[in-house]
J.: 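Dumping the structure here so I can ask a few things about it.
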Amino acid sequence: MRPEHVLLAGSVDPAVPAWAVTGPAEGWSPRPAVPADVEVLAELRATVMRADLERLGRYDEHRVRRRLRDSFSPQHTSVITIDGELAGCVTVRPAEDPLGAEGRLWLEHFYLAPHCQGRGWGSAVLRSVLARTDAQGMSVALNVPQGSAARRLYERHGFVVEAQDPVDVFMTRLPERRGEAVSGGPAH
């Protein structure tokens, strides 16, 4: 049985949450995360984030794993598989906006194993996520470490810098329709 929040690429079902990841049209497949995934995903995070966090003087082998454990949300997370093997994950959850802004999602914990990076799978997964959020008229926010190569990926997919501090760059992307940003949102 196919999980509710996983659709075949190209299909759009308005009843499916905006954070649902589609696939497997480009060589990867998503599956819903389960609580038992937390430890392997915490290890993946530690591996993927290490270079950026060390460069920023922020790497702590326990904290890097604890951060994922503390915020792990299986209902909003998809595990990415390539050739049947766990290759990454992505979480898209409703944003916790103190101003109560609606229509905004938070993309976090988007990691691909190092041997899977640079092969187009990150772009494929991100295109899938953004197709879903665009179809539902949702903007997407995220943060990326200062100097991270991932920032270029997000910029190629329409994210713009909203704010930054010495450690993180905060980015947003308005929903698009037919290549155009949906009107009515903030201009950046």
Side-chain angles (χ1 to χ4, degrees), residues 1-52 64-65 68 71-93 105-145 148-159 171-179:
M1 177 187 264
R2 187 166 49 111
E4 263 183 38
H5 84 277
V6 178
L7 297 176
L8 296 175
S11 62
V12 176
D13 178 352
V16 175
W19 52 85
V21 177
T22 60
E26 300 182 54
W28 62 278
S29 298
R31 71 164 172 80
V34 295
D37 291 321
V38 70
E39 290 306 317
V40 70
L41 297 180
E43 286 304 314
L44 177 64
R45 180 180 196 275
T47 299
V48 171
M49 295 291 294
R50 185 175 190 135
D52 281 332
V64 70
R65 292 167 178 85
L68 184 128
S71 64
F72 186 59
S73 175
Q75 69 270 28
H76 297 126
T77 302
S78 292
V79 171
I80 300 159
T81 61
I82 298 172
D83 296 329
E85 299 292 324
L86 187 144
C89 63
V90 61
T91 299
V92 185
R93 62 171 174 78
L105 297 168
W106 189 259
L107 187 148
E108 63 186 353
H109 301 309
F110 183 16
Y111 310 118
L112 281 179
H115 71 277
C116 297
Q117 296 175 12
R119 298 179 176 202
W121 284 313
S123 285
V125 172
L126 189 56
R127 274 193 305 273
S128 177
V129 168
L130 296 176
R132 169 72 42 215
T133 61
D134 287 349
Q136 295 187 356
M138 305 290 282
S139 64
V140 181
L142 59 84
N143 68 294
V144 63
S148 174
R151 178 177 171 173
R152 290 189 302 277
L153 169 70
Y154 298 126
E155 288 172 336
R156 284 194 310 269
H157 290 275
F159 284 84
M171 304 179 81
T172 58
R173 180 184 179 275
L174 297 176
E176 294 182 357
R177 292 199 183 121
R178 294 180 299 272

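All values below were derived from every heavy atom in this structure, side-chain atoms included, with hydrogens, water molecules and symmetry-related copies excluded.
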J.: State the CD-CE distance between Glu155 and Met171, to the nearest 0.5 angstrom.
T.: 4.5 Å
J.: For residues Arg65 and Arg45, determine if any side-chain heavy atom of one lies less than 4.5 Å from a side-chain heavy atom of the other.
T.: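 When only atoms from C-beta onward are counted, Arg45 and Arg65 do not touch, as no gap falls below 4.5 Å.
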J.: Might you point out which heavy atoms bring Ala42 and Leu68 nearest each other, and give the distance in Å?
T.: N-CD2, 3.7 Å
J.: Looking at every non-hydrogen atom in both residues, tell me the closest pair between Cys116 and Trp121 and how far apart they are.
T.: O-CE3, 3.5 Å
J.: Is there a side chain to side chain contact (heavy atoms under 4.5 Å, CB included) between Leu86 and Leu41? Walk through the geometry before answering.
T.: CA-CA 9 Å; Leu86 187 144; Leu41 297 180; 4.2 Å; yes
J.: In plain terms, say whether Asp134 and Arg127 are close enough for a salt bridge, that is, a side-chain N and a carboxylate O under 4.0 Å apart.
T.: no
J.: What's the shortest heavy-atom distance between Phe72 and Ala33, and which atoms?
T.: CZ-CB, 4.0 Å
J.: Without swapping roles, check the side chain of Asp52 against the backbone of Met49 for a donor-acceptor pair under 3.5 Å.
T.: no
J.: For the side chain of Arg173 and the backbone of His157, is there at least one donor-acceptor N/O pair under 3.5 Å apart?
T.: yes
J.: Take Val140 and Phe159 through the side chain to side chain contact (heavy atoms under 4.5 Å, CB included) test and state the conclusion after the steps.
T.: CA-CA 8 Å; Val140 181; Phe159 284 84; 3.8 Å; yes
J.: Does the side chain of Val64 come within less than 4.5 Å of Arg50's, by heavy atoms?
T.: no
J.: Any sub-3.5 Å donor-acceptor pair from Ser128's side-chain atoms to Ala124's backbone N or O?
T.: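 No, Ser128 side chain to Ala124 backbone: no donor-acceptor pair under 3.5 Å.
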J.: Hey, does Ser123 have a side-chain heavy atom less than 4.5 Å from the side chain of Leu153?
T.: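 Yes, their side chains come closer than 4.5 Å.
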J.: Just by modelled atom types, is the Ser29 backbone N or O under 3.5 Å from a matching donor or acceptor in the Thr81 side chain?
T.: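 Yes, Thr81 side chain to Ser29 backbone: donor-acceptor pair under 3.5 Å.
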J.: Just verifying a value: how many Å separate Leu142 CG and Leu105 CG, rounded to the nearest 0.5 Å?
T.: 11.5 Å
J.: Any chance you could measure Arg31, atom CZ, to Thr77, atom OG1, to the nearest 0.5 Å?
T.: 10.5 Å
J.: Just so I know, are the side chains of Trp106 and Asn143 near enough to count as touching, which here means a heavy-atom distance under 4.5 Å?
T.: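 Yes; the side chains approach each other to less than 4.5 Å.
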J.: Check Leu112 against Gly122 and note the closest heavy-atom contact, atom names and distance.
T.: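 Scanning both residues completely, I find the closest heavy atoms to be CD1-N, 3.3 Å.
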J.: Hey, what's the ring geometry for Phe110 with Tyr154, parallel, tilted or perpendicular (30° and 60° as the breaks)?
T.: tilted
J.: Heavy-atom distance under 4.5 Å between the side chains of Asp37 and Pro74, does that happen here?
T.: no
J.: Sort out for me which residue in Thr91, Leu44, Val48 forms a side-chain contact (heavy atoms from CB on, under 4.5 Å) with His109.
T.: Thr91
J.: When rounded to the nearest 0.5 angstrom, what distance separates CE in Met138 from CZ in Arg132?
T.: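 One finds 12.0 Å between CE of Met138 and CZ of Arg132.
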J.: How long is the span from the CD atom in Glu108 to the OG atom in Ser71, to the nearest 0.5 Å?
T.: 5.0 Å
